Enquirer: 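Can you keep this structure in mind? I'll have questions shortly.
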Amino acid sequence: MDRDKEEYLECEKRWVFGFLIFIAGFYGAFTYSIRGGVFCNAQTANFVLFAMELGKKNFFNAFYYLIPMGAYLLGAVFSEALPNPIKKMRAIRWDTMLIILEIFVVAFLGFLPESAPFQISQVAINFICSMQYNTFRQAQGIPSATTFCTNHVRQIGVWIVKAFKNRRDKTYTKMLLHHTVMIICFITGGIVSTVLCNKFEGKAIWFVLIPLFVLLFDFLYADLKKERQYFSAKPHGH
């Protein structure tokens, strides 16, 4: 069934993207502070380090970076290949299935002893961040990354200029506000993660289950009742 142009699926709502980027900020601080001093939300830094190790002829060290980069690649492959088969089952949408998978991964990571290799947490978070980034693309028509801030910083610069030139058009101000809020949510996630990691170490990641379960219950209600007639519809940007 066709949707009205102005109607968006639950998985496209702005508050959903706020929750997701808060979670990503939490992941970033978690892996950096107590899981090996790396950021697993994106891969630019890993590519730079990979190139540097190749330049130094430290080929074994360079090979190490292929692991998180490969996990991120697999996350993109899985999140691109699975939505249609899952949709054909007509039970729940891929977006909901991804949140369920993320809940299981987070629960598992919280049970890991502090002595466990850091790579387990790094690869797992690389994998789910990649799937999250590829799955959630637009917040009510606004292209938005849910795992890092680079694009949001660029968009803020763009919309500052446009809002200044078009003071009477509030659309530009709303776009500026959206990207600003996304960055604030990311920073807030990092702050909460840092505080909790200092107190609870690896088990701090279980805090993420709170927003994840909020998202899960909301998505399940949408899939099974609220948006059942739109089950075959694709989120914008796909």
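Keep in mind the model is a prediction, meaning the values are calculated, not measured.
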Enquirer: Hey, does I205 have a side-chain heavy atom less than 4.5 Å from the side chain of F200?
Expert: no
Enquirer: Could you check whether Y230 and E7, counting side-chain N and O atoms only, form a donor-acceptor pair closer than 3.5 Å?
Expert: yes
Enquirer: Would you say that W94 contacts L98 through its side chain, given a criterion of any heavy-atom pair below 4.5 Å between the two side chains?
Expert: yes
Enquirer: Do I187 and I23 sit in the same hydrophobic cluster, where Ile, Leu, Val, Met, Phe, Trp and Tyr count as joined when their side-chain heavy atoms come under 4.5 Å apart?
Expert: no
Enquirer: Check each of H179, R14, R137, H178 against S144 using the side chain to side chain donor-acceptor pair (under 3.5 Å) test, and report the only one that passes.
Expert: H178
Enquirer: Less than 3.5 Å apart, any donor N or O on the side chain of Q132 or T146 sitting next to an acceptor on the other?
Expert: yes
Enquirer: Are F213 and M97 joined in one hydrophobic group, where the rule is that I, L, V, M, F, W and Y side chains link up if heavy atoms are under 4.5 Å apart?
Expert: yes
Enquirer: Are F39 and F148 close enough that their ring centers fall under 6.0 Å?
Expert: no
Enquirer: Going by ring-ring contact (aromatic ring centres under 6.0 Å, His included), name the pairs with one or both residues in residues 55-77, residues two or more places apart or in two chains.
Expert: none
Enquirer: Is the F22 ring parallel, tilted or perpendicular to the F26 ring (thresholds 30°, 60°)?
Expert: tilted
Enquirer: So, W206 versus F111, ring centres under 6.0 angstrom or not?
Expert: yes
Enquirer: Is a donor from one side chain sitting under 3.5 angstrom from an acceptor on the other, for T147 and N41?
Expert: no
Enquirer: Validate the cation-pi geometry between K13 and W15: distance from NZ or CZ to the six-membered ring centre under 6.0 Å, angle to the ring axis within 45°.
Expert: no
Enquirer: Could you check whether any side-chain heavy atom of V38 comes within less than 4.5 Å of a side-chain heavy atom of F118, counting everything from C-beta outward?
Expert: no
Enquirer: Among T96, L9, D95, exactly one meets side chain to side chain contact (heavy atoms under 4.5 Å, CB included) together with D223. Which residue is that?
Expert: T96
Enquirer: Within a strict 4.5 Å, meaning less than it, do heavy atoms of the S130 and Q43 side chains meet?
Expert: no
